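When a residue number appears, it is its place in the shown sequence, counting from 1. Since this is a predicted model, take the numbers as computed values, not measurements.
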Amino acid sequence: MTAITVWLVDPNEAVWMPKCALKLLTGYDCPGCGATRALHAALHGDLAAAIRYNFFLVAGLGYAILAAAASWLPVSRRHERLRRAVLGRTAGWVYITLFFAWWIVRNILGI
């Protein structure tokens, strides 16, 4: 699904938009539940709604932009520290830990 499709079509109204298989089977939200709706809201400038649909996605967009910028910087000693901080093993483990923590917290708190 492209960003153009998500921008043009409201996932709340389109019955053909994919649904989360985990939620359909278990009733629990996965870490990605609400991501399409959050992206739709963010593309329309409604950041508050995007955060309500999927906080982790919205928070992760900042990290994704920083990671993309770090990977596009020219290779130099000056940029190496930023590249290691954003793209290194520790950053990966922090992201994975936060991903699973979000999965647990959103189901316990019902958010």
Min side-chain heavy-atom separation Asp10-His40 under 4.5 Å: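 Contact flag for Asp10/His40 side chains = yes.
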Can you tell me if OH on Tyr28 sees more than 12 non-hydrogen neighbours from other groups inside 6.0 Å?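 Count not over threshold, so no.
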Assess whether atom CD1 of Ile4 is packed by more than 12 heavy atoms of other residues, nucleotides or ligands within 6.0 Å.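 Atom CD1 in Ile4 is not crowded, with 12 or fewer foreign heavy atoms closer than 6.0 Å.
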N/O donor-acceptor pair under 3.5 Å between Trp103 side chain and Asp29 backbone: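 At least one qualifying donor-acceptor pair exists.
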Same apolar cluster (I L V M F W Y, side chains within < 4.5 Å links), [X]/[Y]:
{"X": "Leu39", "Y": "Trp16", "answer": "yes"}
{"X": "Tyr63", "Y": "Ile65", "answer": "no"}
{"X": "Leu109", "Y": "Trp102", "answer": "yes"}
{"X": "Leu22", "Y": "Tyr53", "answer": "no"}
{"X": "Leu66", "Y": "Leu61", "answer": "no"}

Which pair of heavy atoms, one from Ala91 and one from Ala85, lies closest together, and at what distance?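 Result for this residue pair: CB-O, 3.3 Å.
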How far apart are the closest heavy atoms of Pro31 and Asn54, and which atoms are they?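 Answer, listing the atom of Pro31 first, then Asn54: O-ND2, 2.9 Å.
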Gap separating the [atom1] atom of [X] from the [atom2] atom of [Y], nearest 0.5 angstrom:
{"X": "Thr26", "Y": "Asn107", "atom1": "OG1", "atom2": "CG", "value": "7.5 Å"}
{"X": "Ile51", "Y": "Leu57", "atom1": "CD1", "atom2": "CG", "value": "10.5 Å"}
{"X": "Thr36", "Y": "Lys19", "atom1": "OG1", "atom2": "NZ", "value": "9.0 Å"}

Test of ring centre spacing under 6.0 Å for Tyr95 and Phe56: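 Centroid distance Tyr95-Phe56: below 6.0 Å, so yes.
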